Structures are given as C-alpha cells and as structure tokens.
Amino acid sequence: MNLEDIINKTKTYYCLECGKCTAVCPVSRHNSNFSPRLMLERALMDSEGELIHDRELFSCLTCYACSHLCPSEVDYPVFTQKVRSLASSQGEHGDCAHSGTLLSLMRLMSRPNIKQRRLDWLDGCHTSEKSEILYFVGCAPYFEPIFEDIEVSPVNVARNSIRILNALGIEPMLLPNERCCGHDLLWTGDVETFKKLAQFNAEMIKESGAKKIVFSCPEGYRTFKIDYPQYVKLDCEPVHITELLAQNLSKLSLRPRAKREGSNPEVKKVTYQDPCRLGRHLGIYEPPRELIKAIPGIKLVEMEHSGDESICCGTSVWTNCSSCSKEIRIERLSEAKATGAELMITACPKCQIHFKCAMVDKGAEKGADVKMEVMDLVNLVANAMETQE
Amino acid sequence: MAEFEPKIIAFCCNWCTYAAADIAGTSRIHYPANVRIVRVMCSGTVDPIYILRAFEMGADGVLVAGCHEADCHYLNGPLKCDAMFEKIKKMVNTLGLEGERLRREMIAAAEAPIFAHVIEEMVEQLKKLGPSPLREGVKV
Ligand code: SF4
Ligand code: SF4
Ligand code: FES
C-alpha cells in the first residue's frame, strides 16, 4: 500500500483541520512534538519522506480517542499502522521498550519449526483435548518472567480465566504451540511476520475444530476479530471473556470473599480502566461493568474520563515508552485516586503492567497520590466465585 | 553430508572471559572454531535481547560468560547477569529450546583452559542436539 492508498483508505483527505484530534490526544498533551493533525497534513502535502522518517510516527498509541471525535471520520490509528509499515520497509522503527525483547519473542514465534513449552502452569485447570471452545492464552507465558519484578502475573489471569470457564461447565481446548496473535508486529509495521503468525494460528485452529475462541486479552481479541479476516480464513467466532461471562452471570454465583470468611464486609469502591482495544476499538463497555456490578460488596465508581472517553494507559506495542507515557499514567492514576476507589480494575495485561510500572517508577516521588491496588477483572471475578474456596 | 557444525555466540566480559579466550589463543590451546565471541564490557550489560537476537539470527547455542563474583570491575555485574539469566532461561525454555543451548559461566582471565573446555563441551552437546529449531528460514 503506498501513501495514496493509505490516504484513500483512511479518508485522510476529508480532514477539516479542525484539530479536535490533537486536542484530545493524550500524547499531544504531554509531548508538543506530536500532533495527529500535522501528521495528516504532511501526508496530504505528499511529503512521504518527511512522514516516514518523523521520529514521532511511533508515538501514537493507536487508542482511537482522536478518530472517535473526528467529524470527518478519519481513521488515524489505521493511517498510523499503514504508514508505519511503509516506514518499517525503509528500516525505520520506534524506540523499543525492554530493548525489544518482547517483539523479538513474537518474531521467534513465527519460526516454522518451533515447538513451544508454553503450558506448564495449568494446575487446578480443567482443559480438554477436544472441545468446541478454545481458550487463547496469548503471550502470558512470556510476559511472566519479565514482569515478575513489578508483581504482575499474566499467567495467573490465564489460569483464572480457565477456572472461571470450568465453573461454567466449559473445559476449553488450548493450543500447545499457539503463536503470538501478531498484534504488536502489525501495529509496529512488521506486516510480513504478522501474516506468518496469523497463518500458523489459523491453520492450528482449523485443525482443532474449535467453533469459538475465548480471549482474556483485548489485543488478541481485536486482532482475531478485525485484522485476521483481512489476511486469513477463520471459521470460528472470537469472543471476549467478559462478554461470555456477562451472558452467564446467573451461573457464576458471586460472593465477596470477606463474607465467605465470616466477617461482614464493608463496601469496597472500585474503578474500571477501559482498555482501548476493548472499548473504542470494539465498543465493549458494558459487559465488564455488568460483571463488576454483579459482585456483591463492590461499588463501581467511574473516573472523570470513562467509557468511550477513557484514557489509554500510555504505551502500546512496547514502543516509544517515554517520560510522556509515564505522565499519562500518573495523570490517569490520579483520576482513579480522585474517585475514592481503593482498587483499579483492568481488563488488559498491558494496562496492568503499565500502571504498576509507573507506581514503582514514580512511587518515591508521587507517593500516595498514585499508589493503588490494580487487579485484572478476571482475577476479581475468580476471587468472588464460591468454587474458589 | 558434512557433519553439522553448530554456531555458538559467546558474550564475554572484557576483563575476564575475553582475556581468557585471548590467552587460550596466545597459549595455542586448541578448541573448536564454532564460537563467535562478542566482547562486552561486563556480563552485567548483557540484556535478554542480545540472546534472543542471537537465536533469531541463527545461533544454535549462546554462552554468557564473565568474571567471578568478586572480580567484576563494576562491582555487581555478575549478580545482575545471574538475575537476567534466570529470566531469559525461562523465556528460552518456553520457546522450546533445550537447556543446553544457553549457558552461563564465570571464567577468570587466568582460566584459559576452562574457557576452551566449556566451548568443547558445548560443541559436543550441540552436535547431539542438532540445529536450533528456531533457525530455519535464516541464512547462516
Ligand atoms: S479531528 Fe479529524 S477533521 Fe479534525 S483535524 Fe483531526 S483528522 Fe482532521
Ligand atoms: S490514536 Fe490516540 S495516541 Fe494516536 S493520535 Fe489518536 S488520540 Fe493520539
Ligand atoms: S567486569 Fe567482568 S563481569 Fe563485570
């Protein structure tokens, strides 16, 4: 796709130069060198070279805050995705967080002869060889050792997801050699490797005979739902675990843990961080909220910006994690604190990683202003389930 | 078909293991030519990405070697390296590679024979294991 195709596809030339995108963009607020409006203007002035070599091309979080407000429905995140693939074919890339370790792991998963050992954490989970329902684990087994220092356990979320499915009478199938969904590679411009990963996954899923794939990761879900159909044939339906659970609330019998332990619990205030992929990308705002509200002893309070106005956790695709990202996180944590909530609930492993990292990093400086408990929604539900005794 | 010759990438700290390899050379100690040494200032600078990139680029085995704990010129390099190594070992295991493909050693400057021995042992083990499963599709 050349720049002209990209402009056509994303309706860039309907841009009115109103600047709403830049006004709402969380990155522009902290980094005055970045402006989505100016990026588009550059594309329209046909200065492809300038655009591709712009250091800020990789700063966008692809959070959709801008396009959500754009009166002309310009698709800025997709514009970014496609221009990045042009840039990456010319050797440009963003600044890798964690020195690029995560992106390297993702590329390695595209090697045809790989035989992973990714399922050694299944204790207490019931899975089956053959089932209509497949649970997509995602990169959790790789994230685990990297983020144990900041006390995030993505594998625990995967384990609890399976336990919750078990409580609904579902014993899901897992793919022992599941590949990364390719989300981060697609959005950093490495389309070739993304396609390989998509093909491997599509083949394995076809062979498995699954009819439904359950995700606890919003990025994998978005990738399967929106991106895979453009590259591979999938004969099954992706669903996010919160959607599935919200439909089956009555079967979950949720109770607060303290009550089970015999004491009378005080009502605990919690707030919810919408992940961009689940929220603005896919429009799933209510199912997670229904789930939270269904847990007795918990009161959901909303942040100043919530739902479709929610603010991104500050870094995406392990790229350009900067002081600006940290500022976005601190601002968001302050919003969460201002609600009076004790707990911030996330539904994306990366949101949790990013917020916890900011607390560790800026904790000394900002102290109690930003310190709060962060927990994945799946873990919250698992904690409230009676079968969890 | 010619016998499989594994490729090993060795990250060696400037002050100890690199010197050991150097002395192995000047003292004409024989060891297999399967190793490519990358000199780093300290074992503490070795990041997981170095190791992953080596595997991406077709290495069959990776060695990370530096000073003994008390000898590090930057105080706590070996401790940092050990902590890093614990993490990368888990990732490499998840990627399905055999444990023998990744090795951590502390080899002092005077321990040239040990350096030669470690390389010999690795080459032998890697020959048994065959090429890295992550290697295909990569020109080596
Ligand atoms: S909000 Fe839409 S129309 Fe307005 S400047 Fe941004 S892209 Fe252009
Ligand atoms: S997608 Fe988000 S980060 Fe990117 S330009 Fe739009 S508002 Fe800014
Ligand atoms: S200087 Fe050799 S390990 Fe630090």
Side-chain angles (χ1 to χ4, degrees), chain A residues 93 95-122 137-155 158 174-180 184-185 190 192-193 195-197 199-200 318-319 321 353, chain B residues 4 6-7 9 11 38 40-62 64 76-77 79-102 104 126 129-140:
Chain A
H93 50 77
D95 298 330
C96 294
H98 304 275
S99 334
T101 297
L102 296 126
L103 295 174
S104 173
L105 288 164
M106 292 162 187
R107 287 192 299 269
L108 281 166
M109 276 186 259
S110 74
R111 296 288 157 90
N113 291 335
I114 187 173
K115 281 199 187 64
Q116 299 169 79
R117 287 184 213 102
R118 43 164 37 249
L119 298 178
D120 56 2
W121 42 268
L122 286 169
V137 176
C139 292
Y142 291 100
F143 287 0
E144 192 75 10
I146 303 180
F147 299 108
E148 64 193 2
D149 298 351
I150 55 168
E151 288 168 17
V152 180
S153 173
V155 158
L174 305 178
L175 296 174
N177 204 17
E178 180 193 295
R179 314 296 173 105
C180 164
D184 295 354
L185 296 175
D190 186 356
E192 280 317 303
T193 317
K195 275 196 231 160
K196 282 189 212 159
L197 292 168
Q199 274 153 6
F200 281 124
W318 308 114
T319 297
C321 184
I353 289 168
Chain B
F4 160 64
K7 279 210 159 70
I9 300 295
F11 296 101
V38 178
V40 293
M41 282 313 280
C42 171
S43 64
T45 65
V46 178
D47 188 275
I49 189 67
Y50 295 13
I51 293 159
L52 293 175
R53 283 297 282 163
F55 284 119
E56 266 195 73
M57 294 169 86
D60 298 298
V62 175
V64 183
N76 56 4
L79 289 179
K80 275 194 189 150
C81 184
D82 286 345
M84 178 288 299
F85 199 76
E86 280 312 303
K87 289 181 191 286
I88 187 71
K89 229 166 54 187
K90 289 182 195 156
M91 292 176 232
V92 164
N93 176 57
T94 310
L95 284 169
L97 292 184
E98 301 82 353
E100 292 87 346
R101 292 195 189 272
L102 183 59
R104 162 95 176 102
L126 291 173
L129 290 176
S132 155
L134 300 180
R135 195 167 113 161
E136 204 193 84
V138 181
K139 252 202 221 117
V140 212

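Treat the numbers as computed from the prediction; the structure is a model and nothing was measured. So you know, we letter chains A, B, ... as the sequences are listed, proteins then strands, and number each from 1.
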Part of B:Leu97 lying under 4.5 Å from any heavy atom of chain A: backbone
A:Leu108 and B:Glu56, any side-chain heavy atoms less than 4.5 Å apart: yes
A:His93, NE2 atom: more than 12 neighbouring heavy atoms under 6.0 Å: no
Euclidean distance, B:Leu95 CG relative to A:Leu105 CG, rounded to 0.5 Å: 5.5 Å
Verdict with supporting geometry, B:Thr94 and A:Glu144, side-chain contact (heavy atoms from CB on, under 4.5 Å): CA-CA 11 Å; B:Thr94 310; A:Glu144 192 75 10; over 6 Å; no
Residues B:Lys90, A:Glu148; criterion side-chain contact (heavy atoms from CB on, under 4.5 Å); working and verdict: CA-CA 12 Å; B:Lys90 289 182 195 156; A:Glu148 64 193 2; 3.5 Å; yes
Closest-packed option against chain A by number of heavy-atom pairs under 4.5 Å, given B:Ile49, B:Ile88, B:Ile51: B:Ile49
Beyond-backbone contact of A:Ile146 with B:Met91, side-chain heavy atoms, under 4.5 angstrom: yes
Options A:Arg118, A:Met109, A:Arg107, ranked by heavy-atom pairs under 4.5 Å with chain B, top entry: A:Arg107
Nearest heavy atoms of A:Asn113 and B:Pro133, plus distance in Å: CB-O, 3.3 Å
Proximity breakdown for B:Asn93 and chain A, heavy-atom pairs closer than 4.5 Å: both
Residues in salt bridge (charged side-chain N to carboxylate O under 4.0 Å, His left out) contact with A:Asp184, at least two apart in sequence or another chain: A:Lys350
Expected output: side-chain B:Lys87 to main-chain A:Pro145 donor-acceptor under 3.5 Å: yes
